[in-house]
There are 2 protein chains.
Amino acid sequence: MRPKLNDVAREAGVSPTTVSRVINNHGYLSEKTKNKVFEAMKELNYQPNSIARSLHGKQTNLIGVLFSSVSNPFFGELVEKIENKLFKLGYKTILCNSADNKEKERVYLNMLIANQVDGIIAGAHNLGIKEYEKVGLPIISFDRYLSDTIPIVSSDNYQGAVLATQELYQNGARTIYLFASSKTPNSPTDRRRTGYLETMERLNLTAHEKVISSSMTATVKALLIKQILTTDSIDGIFCTDDLTALIVLRQARELGLRVPQDLKVIGYDGTQFIQNYHPELTTIAQPINDMGELLVELLLQRIEDEKTELKHHYVLPVKLIRNQSSSQFD
Amino acid sequence: MRPKLNDVAREAGVSPTTVSRVINNHGYLSEKTKNKVFEAMKELNYQPNSIARSLHGKQTNLIGVLFSSVSNPFFGELVEKIENKLFKLGYKTILCNSADNKEKERVYLNMLIANQVDGIIAGAHNLGIKEYEKVGLPIISFDRYLSDTIPIVSSDNYQGAVLATQELYQNGARTIYLFASSKTPNSPTDRRRTGYLETMERLNLTAHEKVISSSMTATVKALLIKQILTTDSIDGIFCTDDLTALIVLRQARELGLRVPQDLKVIGYDGTQFIQNYHPELTTIAQPINDMGELLVELLLQRIEDEKTELKHHYVLPVKLIRNQSSSQFD
DNA sequence: TTTTTTATGACGTACGATTGACATATTGAA
DNA sequence: TTCAATATGTCAATCGTACGTCATAAAAAA
């Protein structure tokens, strides 16, 4: 049986109240007593039962972190940043991988409520506004609109797309395609799409959109992309995520297309992973670190004071990482 | 204020006791009352406060999942499997990224205890046996020895190394190097090392070991590897992880070494990610799915009955995934 | 009709810690 | 010496739920 507050009191030769006071640093306390109590705690390897403390209305210091999947390096890295920051501030991360499953997301949401989490960082959004609004907990959303009261943190998707399209253009591409992972409004991909479309228009070029759905397996994506590369005559592709860009590079190589001479490719996300292991890929890097920090920062502000005025949308700048896949002399 | 059991009782026009009975399906209950209660629960959007339930001695249904980092695709995928399985069985995952930091790991361990987790899956091990033994909770370890009482789940590291080395040999390599991510006993890498060494001996070949420390950045690794490839005359490399293998492939390409003609390379892990995005790499695939399932399975057995007899070491079979990096005709 | 079985309510205690009210003792300063 | 500040103890209520004990009533079986 784990030791409890009373055991510590007995061990230290003080009253339970005093032990509680020491733990919470509450009221008058002499150094001597404090030390006695601390020693007793160490001796018994005592950890205050946070369940009991939470029941008292104290915070649980639990934060629900809801993403579709951590096996995607982008989310893996973002979740890692978030977890790190939360840990530093004394919070614990409950990891929820919704796998883009509406039902799972709903169950998770309820579970988080039942577990009295202090707040939620939501990076998976398959549910409607209503479901999120009735949660009644501080929520910060990553990169997607949930409701008018839930702040959003995202990278500058529009500007990223503009940069990407311009980069392709400046390096000589004229038949520039967009490979988008989905085509849903309210999704970040859609701002990237808009950025692409408007830039193409400004450049007086014809836009070409292809949806490479994120629900497809890599093999199917590869097949589809190979087909597009074979039938269409393309010299520039902006992929709304790096992983799709990797497939494009591979298919291009297999088809004997030279990159960047025949085909310029640019991705989006710019994870550390991509930078480390695919330094040939030009990409729009999201500020993963800053986004993680900000998500946590804002959430904690809301937790400390639920009436804190927050902007509805925090847009963080992106950065073009120019590499060989778009520019011969990088 | 969130609704409580009493509110539900009032709403449903029954006694609190009855509501509790409905929730826990305890004692005699008519369909009619059940429905009334369920409707009231839905009406008020009521979620039993799991904090309060836990305090009452029930399980918390929280599991601590301790790994060094989820941004590494291998751990990302494994954690995802674990989280999935746990979720299916009604458990919640508290994610802990120790970042190979001893202090962080210790703090996390204490935190998990304070949070009354029902058990721990430990995939980060920088602490000594004692620290893990005094946790006093069901623990299952991934791929590393923690103590005599803590079961281990791992892939067949020895056999994997044997397969890898043989594969290189059978494809003609004779100067076969081992690129190991560390050189600590008790670590899985060490069994891979042993497998390599013994196979080399059996083949009457001279072993060559190089440590490519996992604490180095990708750039430094690349530099070091380039140097080795330049000075030493090598025709086969077994890397104890896939990411290092990727760097080797890239450096070889930059040095004009043809793979697999001049140099054969084989990695270890075989994540879905590698299979999707680097289908050229021959690798020893760990059964990530099975390992995740087994880790959870064993842990829950221990939780349900702490005296369950478990084997001390569960070794799951690995599979050679033969691709172009080791064999010209794959 | 009598006895079981089924269905619900009322009440109290427990889980482990927090916290306020109140009492008492030991200091040190005025 | 006397008052205030400091230091500790006792006691009880509280958080939201679970569940055992009793009591009671209705429905079903004997």
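What you see below is based on every heavy atom in this structure, not just the backbone, and it leaves out hydrogens, waters and symmetry mates. The sequence lines fix the lettering, A, B, ..., with proteins before strands; numbering per chain opens at 1.
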Task: Residues touching DNA chain C, which here means a heavy atom under 4.0 Å, drawn from residues 12-31 of chain B - done: B:G13, B:V14, B:S15, B:T17, B:T18, B:R21, B:Y28, B:L29, B:S30
Open item on the list: So if I take residues 51-60 of chain B and measure heavy-atom distances to DNA chain C, which residues fall below 4.0 Å?
Closed with: B:L55, B:H56
How close or far is atom [atom2] of [N] from atom [atom1] of [X], stated in whole angstroms?
X	N	atom1	atom2	answer
A:N35	D:dT8	CG	P	11 Å
A:N49	C:dA14	CG	P	18 Å
A:K4	C:dT18	NZ	P	14 Å
A:R2	C:dC15	CZ	C1'	13 Å
B:N6	D:dT14	CG	P	14 Å
B:Q116	C:dC15	CD	P	13 Å
A:L5	C:dA14	CG	P	18 Å

Open item on the list: So does A:S98 get a backbone contact from the side chain of A:S68, meaning a donor-acceptor N/O pair under 3.5 Å?
Closed with: no
Open item on the list: Any side-chain to backbone donor/acceptor pair from A:K81 onto A:I288? Under 3.5 Å, distance only.
Closed with: no
Open item on the list: Let me confirm one number: the CZ-CD1 distance from A:R302 to A:I150, rounded to the nearest 0.5 Å.
Closed with: 9.0 Å
- [ ] First locate atom CG of B:L86, then atom CG of A:L95, and finally report the distance between them rounded to the nearest 0.5 Å.
- [x] 10.5 Å
Open item on the list: If the condition is salt bridge (charged side-chain N to carboxylate O under 4.0 Å, His left out), which residues does A:E103 pass it with, not counting sequence neighbours?
Closed with: A:R106
Open item on the list: For residues 88-110 of chain B, which residue pairs pass the ring pair (Phe, Tyr, Trp, His ring centres under 6.0 Å) check, not counting sequence neighbours?
Closed with: A:F87-B:Y108
- [ ] Indicate yes or no: does A:E39 engage A:K32 in a salt bridge with an N to O separation below 4.0 Å.
- [x] no
Task: B:R10/B:D7 salt bridge by N-O under 4.0 Å criterion - done: yes
Open item on the list: When you compare the side chain of B:H313 with that of B:P151, does any pair of heavy atoms fall below 4.5 Å?
Closed with: no
Identify the pairs formed between an N or O of the protein and an N or O of nucleotides 24-26 of chain D at a distance under 3.5 Å, and give each distance.
none

TODO: Using the six-membered ring wherever Trp is involved, compare the ring planes of B:F67 and B:F75 and label them parallel, tilted or perpendicular (cut-offs 30° and 60°).
DONE: tilted
- [ ] Only counting residues at least two apart or in another chain, list the ones meeting side-chain contact (heavy atoms from CB on, under 4.5 Å) with B:S214.
- [x] B:S181
